[in-house]
Protein chains: 2
Amino acid sequence: MQIRNNIRRLLQYRMCLIRFRELGFERVYSYSLGREAGVSPEQIRKDFSRFGIKGNKRGGYLISELLDSLNYIFGKNELQDVILIGVGNIGMALARYNCGFFKRRKYIVAGFDIDPSKIRKINEIPVLPMEVMPRFVKENGITVGIMAVPAVSAQEVCNSLVNAGIKGIMNFAPIVLKAPKHVVIENINLCNVLESVIYCANYARDDLGVLEC
Amino acid sequence: MQIRNNIRRLLQYRMCLIRFRELGFERVYSYSLGREAGVSPEQIRKDFSRFGIKGNKRGGYLISELLDSLNYIFGKNELQDVILIGVGNIGMALARYNCGFFKRRKYIVAGFDIDPSKIRKINEIPVLPMEVMPRFVKENGITVGIMAVPAVSAQEVCNSLVNAGIKGIMNFAPIVLKAPKHVVIENINLCNVLESVIYCANYARDDLGVLEC
DNA sequence: ATGGTTATGTTATTATTTTCACAAAAAGTG
DNA sequence: CACTTTTTGTGAAAATAATAACATAACCAT
């Protein structure tokens, strides 16, 4: 978890900057951006510094320049293709959400499922049988996959993704995936997140006298 | 972000323990649990220690006892009601996912939406008009809400939730919500998560020579 | 029993992250 | 043009978190 938090914050800054631009602003200061992104101004300057992003010593940052820099870092200019494995409940929602991804030039180009009844187009995205996945990945140079499969088959699916050459996985199955360390895995356990919020909202201040949550 | 990471890891441990139990195991060691949860054994012992969970100096931990302790901490024994605001694409998927939540005794008891066409039952969950929300929250003692509304209306919805007495929010809108600090907010920006995975998978090792991601 | 082995619980150490502090640069002002 | 103000950029300090180390308790074998 070295650079990961930097990246995450940078993406958040970008989100805020886009809104600032829509509101007609031209410049931001680490202070104003920090306020919007819920981060300290020093943190922002440090994060920018880490990626060589420079501002103007008196005039803060030019939003358009900042966005250019951030878009360059995140490869916004080329479209980045992603696949989706498991077109059940969550998978379906993500496929439908694709236009949200598309705005950021991330695009689910295909879905895969073992269930033959799922093999059809969803929102323009072709859903293909699981066996085709490795070839698809190789032929299209796919490097990142979104997994929305049941927990029982998740590790197996992960293995075949890695074998096919996938380098990054966003995983919604409630399991901690094991993969070679050159593969980036982001586990998103919706149940656990909800539960942690419930805990912090209801119980945290009663136990141990700990408030900070 | 004081206790939050502890909580999150504890929930992950529980997840692993449930699987261990299903596989017929009776005991775990910090080492074996750590391997499964992707965490160091010392970390696990530290986390347990923080919450007063004790093991057996030679025999590790009895899975059933551990699960009892964890379930006690997270209030697994009583059913915890949650509401959902915004029954669009993501919201709908979460409503349908409810049985997954239910297994953990977290339950979406109602959805709310401003769009009148959404006012109907989804998967047994009644969807009500937004105006009814404050009364519903008060009458049913709801403390936690899941927000899956568009970014433009998110802050406004957040405000009315807080006014209604909500203490914790799991937010899927791509915006950093501002709320009084006694309210716990967890922002889940699916685009940003995907983008960070893509970045780490493709670019991280090229820039700056940083590998750790 | 008793000695050896193993895994916990906790203290000490190290590493990482965040905050603080301040010099330097830009911009405005008289 | 000097002088003041403001905001960046960064090195030092503080706070947090993770890892290592080790004493202690439980178990096992003899």
Side-chain angles (χ1 to χ4, degrees), chain A residues 1-10 12-13 17 20 25-66 69-70 176 181 196 200 204 208-213, chain B residues 1-13 16-17 20 25-66 69-70 176 181 196 200 204 208-213:
Chain A
M1 199 67 88
Q2 187 67 244
I3 200 183
R4 199 81 150 266
N5 287 329
N6 282 71
I7 299 290
R8 221 166 295 191
R9 282 193 302 263
L10 244 41
Q12 214 159 57
Y13 304 156
L17 289 167
F20 276 138
F25 291 100
E26 282 204 340
R27 299 180 160 279
V28 279
Y29 306 100
S30 57
Y31 182 77
S32 55
L33 182 55
R35 182 171 263 259
E36 186 71 11
V39 165
S40 77
E42 299 86 357
Q43 182 76 83
I44 290 193
R45 297 204 297 272
K46 268 273 166 72
D47 285 337
F48 284 171
S49 168
R50 161 90 118 125
F51 284 84
I53 295 174
K54 300 266 172 193
N56 183 304
K57 277 254 175 173
R58 168 75 186 263
Y61 303 86
L62 216 59
I63 291 178
S64 60
E65 279 181 14
L66 259 185
S69 303
L70 290 170
V176 180
K181 66 177 174 306
S196 70
C200 291
L208 309 164
V210 181
L211 289 182
E212 217 61 53
C213 224
Chain B
M1 200 66 89
Q2 185 68 244
I3 201 184
R4 198 82 150 265
N5 287 328
N6 282 70
I7 298 290
R8 220 164 298 188
R9 282 193 301 262
L10 245 41
L11 287 163
Q12 213 159 61
Y13 303 157
C16 296
L17 288 167
F20 275 138
F25 290 100
E26 283 204 340
R27 299 180 160 280
V28 278
Y29 306 100
S30 58
Y31 181 77
S32 54
L33 182 55
R35 181 171 264 259
E36 186 71 10
V39 165
S40 76
E42 299 86 356
Q43 183 76 82
I44 289 193
R45 299 204 296 270
K46 263 275 171 69
D47 286 336
F48 284 171
S49 167
R50 161 91 117 126
F51 284 83
I53 295 175
K54 300 266 173 193
N56 185 304
K57 277 259 178 175
R58 167 75 186 265
Y61 303 86
L62 216 57
I63 291 178
S64 60
E65 279 181 13
L66 258 185
S69 303
L70 291 171
V176 180
K181 64 176 176 304
S196 70
C200 291
L208 309 163
V210 181
L211 287 183
E212 217 61 53
C213 222

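Below, chain A is the first sequence line, B the second, and so on; all start at residue 1.
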For Tyr13(A), the option from Phe51(A), Phe48(A), Tyr61(A) that meets ring pair (Phe, Tyr, Trp, His ring centres under 6.0 Å): Phe48(A)
Side-chain heavy-atom pair Val176(A), Glu36(B) within 4.5 angstrom cut-off: no
Within-4.5 Å side-chain heavy-atom neighbours: Leu70(B) and Ile53(B): yes
Working for side-chain contact (heavy atoms from CB on, under 4.5 Å), residues Arg27(A) and Ile63(A): CA-CA 5 Å; Arg27(A) 299 180 160 279; Ile63(A) 291 178; 5.6 Å; no
Leu33(B) CG - dT8(C) C1' separation (whole Å): 14 Å
Short side-chain N/O contact to dT8(C) OP1/OP2 from Ser30(B), under 4.0 Å: yes
N or O in side chain of Ser49(B) less than 4.0 angstrom from dT10(C) OP1/OP2: yes
Full working for side-chain contact (heavy atoms from CB on, under 4.5 Å) between Ile7(B) and Leu11(B): CA-CA 6 Å; Ile7(B) 298 290; Leu11(B) 287 163; 4.0 Å; yes
Residues which pass side chain to side chain contact (heavy atoms under 4.5 Å, CB included) with Glu42(B), listed by chain and number, not counting sequence neighbours: Ser40(B), Arg45(B)
Distance, rounded to the nearest Å, where Asn5(B) contributes CG and dT16(C) contributes P: 16 Å
Protein-nucleotide distance (Tyr31(B), atom OH; dT8(C), atom C1'), rounded to Å: 16 Å
Interatomic distance where OH belongs to Tyr13(A) and C1' belongs to dT8(D) [whole Å]: 15 Å
Where protein sits on nucleotides 24-30 of chain D, one letter per nucleotide: B base, S sugar-phosphate only, - none, heavy atoms under 4.0 Å: BBBB---
Protein-nucleotide distance (Phe51(B), atom CZ; dT10(C), atom P), rounded to Å: 15 Å
Whole angstrom value for the distance that separates C1' of dG9(C) from OH of Tyr29(B): 17 Å
Within-4.5 Å side-chain heavy-atom neighbours: Leu62(A) and Asn56(A): no
Considering all heavy atoms, the nearest Ala37(B)-Gln12(B) contact: O-OE1, 3.6 Å
DNA chain D-proximal residues of residues 39-48 of chain B, any heavy atom under 4.0 Å: Ser40(B), Glu42(B), Gln43(B), Arg45(B), Lys46(B)
Separation of dT16(D) C1' from Arg50(B) CZ (nearest whole Å): 11 Å
Ser69(B) side chain vs Glu65(B) backbone, donor-acceptor pair below 3.5 Å: yes
Sugar-phosphate only, base, or nothing, as touched by Tyr61(B) at under 4.0 Å among non-hydrogen atoms: sugar-phosphate
